[in-house]
Amino acid sequence: MDGECAELEWSPIVSAPVHSAFAGVLAGLVFAGIVVLLSGAGDQVRRTNALVTFGSSFLVLAFDAFLFGVIAGERVCGRAWTETLYASGLLGLGALGIFAGICWLIDAGDTTSGRMTRFYVVTTYVIALIVSYHVGATAIEYLDDLRRTSSVPGWLVAVAAGYRWVMLAAVLLVGASPRLRRRWGTLVTSTAYAYVACVVLALYGAGGASGSAQDWTHPSAALIAGNTVLALAFPALAVLAQVITLPSRVPAVVEEQEPERRT
């Protein structure tokens, strides 16, 4: 293993096998949920939204398990950290997608005037904040560790430090704007495509990080900045798209009463 990695307070290489197993377990649970949904019956619109959400989450988590497995075999610390930067964002998106899919399932059978749906939607907003905080904290640790061997631009550190607060304000703004959610809340499929785009980005980002060990001994400032900005921007867009498309019309089942006929 790269000698510089042994000097770090936290090693992405040592933790990668545990993260890979965790992402794999989550992917298996999502796959089981998809099978159950396909064999069941209920509200078609909400079941379809749940299936689309679970499907994109399964793709994200399955690829994330593979990516963490690749990191577990790394021997170059800077390269492993860069791959972990992408993998951590995918893990957060997969977890968020699971809770978003549960929201649609709860909304499909909510007979409590929307109380259960509201609880799970609020919980999903909290998960979105946790994911954003986790991604921002990973970027800060990434830049802090790379400072040992490379020059990290000051503006990039400021962007990583302010990322969590910007995402906090954005998620709270979405939660407090019912009109915004009613206008864009039907774009569940677009959110799924955003998840797929994040997988493609992570694929090429991690692939671009697979250069020679010599290149990653002292990575350039441009290389560090490019990976950091991409690893922060795309998950942020996917998180915001996911919280915007959460169910907001409750209760889910409303029976229409026929008007009384005059005799």
Using the test ring pair (Phe, Tyr, Trp, His ring centres under 6.0 Å), find all partners of F68 that sit at least two apart in sequence or belong to another chain.
-> H19
L105/L37 under side-chain contact (heavy atoms from CB on, under 4.5 Å): CA gap, chis, key distance, verdict | CA-CA 9 Å; L105 292 180; L37 279 175; 3.2 Å; yes
Which pair of heavy atoms, one from A87 and one from D64, lies closest together, and at what distance?
-> O-OD1, 2.7 Å
Where is the tightest heavy-atom contact between T124 and C103, given as atom of each residue plus distance?
-> OG1-SG, 3.1 Å
Hydrophobic cluster identity match, L90 and L203, side-chain contacts under 4.5 Å | yes
Which atom names give the shortest non-hydrogen contact between C198 and A238, and what distance separates them?
-> SG-CB, 4.0 Å
Are Y86 and I140 co-members of a hydrophobic cluster defined by side-chain heavy atoms under 4.5 Å apart?
-> no
Nearest 0.5 Å, what's the CG-CG distance between L172 and L168?
-> 4.5 Å
Interatomic spacing from OG in S11 to CD in E74 - rounded to 0.5 Å | 11.0 Å
Tell me whether L230 is reachable from L237 by hopping between hydrophobic residues (I, L, V, M, F, W, Y) whose side-chain heavy atoms are closer than 4.5 Å.
-> no
By side chain to side chain contact (heavy atoms under 4.5 Å, CB included), I34 pairs with (sequence neighbours left out) V30, L38, L51, F54, F58
In short, T53 meets Q242 closest at the heavy-atom pair CG2-NE2, 4.1 Å
Do you reckon V229 sits in the same ILVMFWY cluster as L143, going by side-chain contacts under 4.5 Å, direct or chained?
-> yes
Would I98 and F119 show up in the same hydrophobic cluster when neighbours are defined by side-chain heavy atoms closer than 4.5 Å?
-> yes
In this structure, CG of L61 is separated from CG of L93 (nearest 0.5 Å) by 9.0 Å
More than 12 non-hydrogen atoms from neighbouring residues, nucleotides or ligands closer than 6.0 Å to OH on Y120, yes or no?
-> no
Restricting to pairs with a member in residues 149-176, which pass ring-ring contact (aromatic ring centres under 6.0 Å, His included), not counting sequence neighbours?
-> none
How long is the gap from CG on L96 to OG1 on T191, to the nearest 0.5 Å?
-> 10.0 Å
Apply side-chain contact (heavy atoms from CB on, under 4.5 Å) to V52 and W104, showing your working.
-> CA-CA 10 Å; V52 170; W104 284 110; over 6 Å; no
Side chain to side chain donor-acceptor pair (under 3.5 Å) with Y142: of T84, N227, T82, only one passes, and it is T82
Spacing of S15 atom OG and F22 atom CZ [to the nearest 0.5 Å] | 13.0 Å
Not counting sequence neighbours, which residues clear side chain to side chain contact (heavy atoms under 4.5 Å, CB included) with S190? List them please.
-> L187
CH2 on W81 to CG on D144, rounded to 0.5 Å = 9.0 Å
Donor-acceptor pair, Y195 side chain versus V60 backbone, under 3.5 Å?
-> no
Which atom pair, heavy atoms only, marks the closest approach of V243 to L240?
-> CG2-O, 3.2 Å
Under 3.5 Å, side-chain donor or acceptor atoms of residues 126-139 against the rest of the protein: list the pairs with distances, not counting sequence neighbours.
from, atom 1, to, atom 2, distance (Å)
S132, OG, A128, O, 2.9
T138, OG1, H134, O, 2.8

Do you know which two heavy atoms are closest between G24 and A65, and how far apart they sit?
-> N-CB, 3.7 Å
For A72, which residues count as a side chain to side chain contact (heavy atoms under 4.5 Å, CB included) partner, sequence neighbours excluded?
-> A16, P17
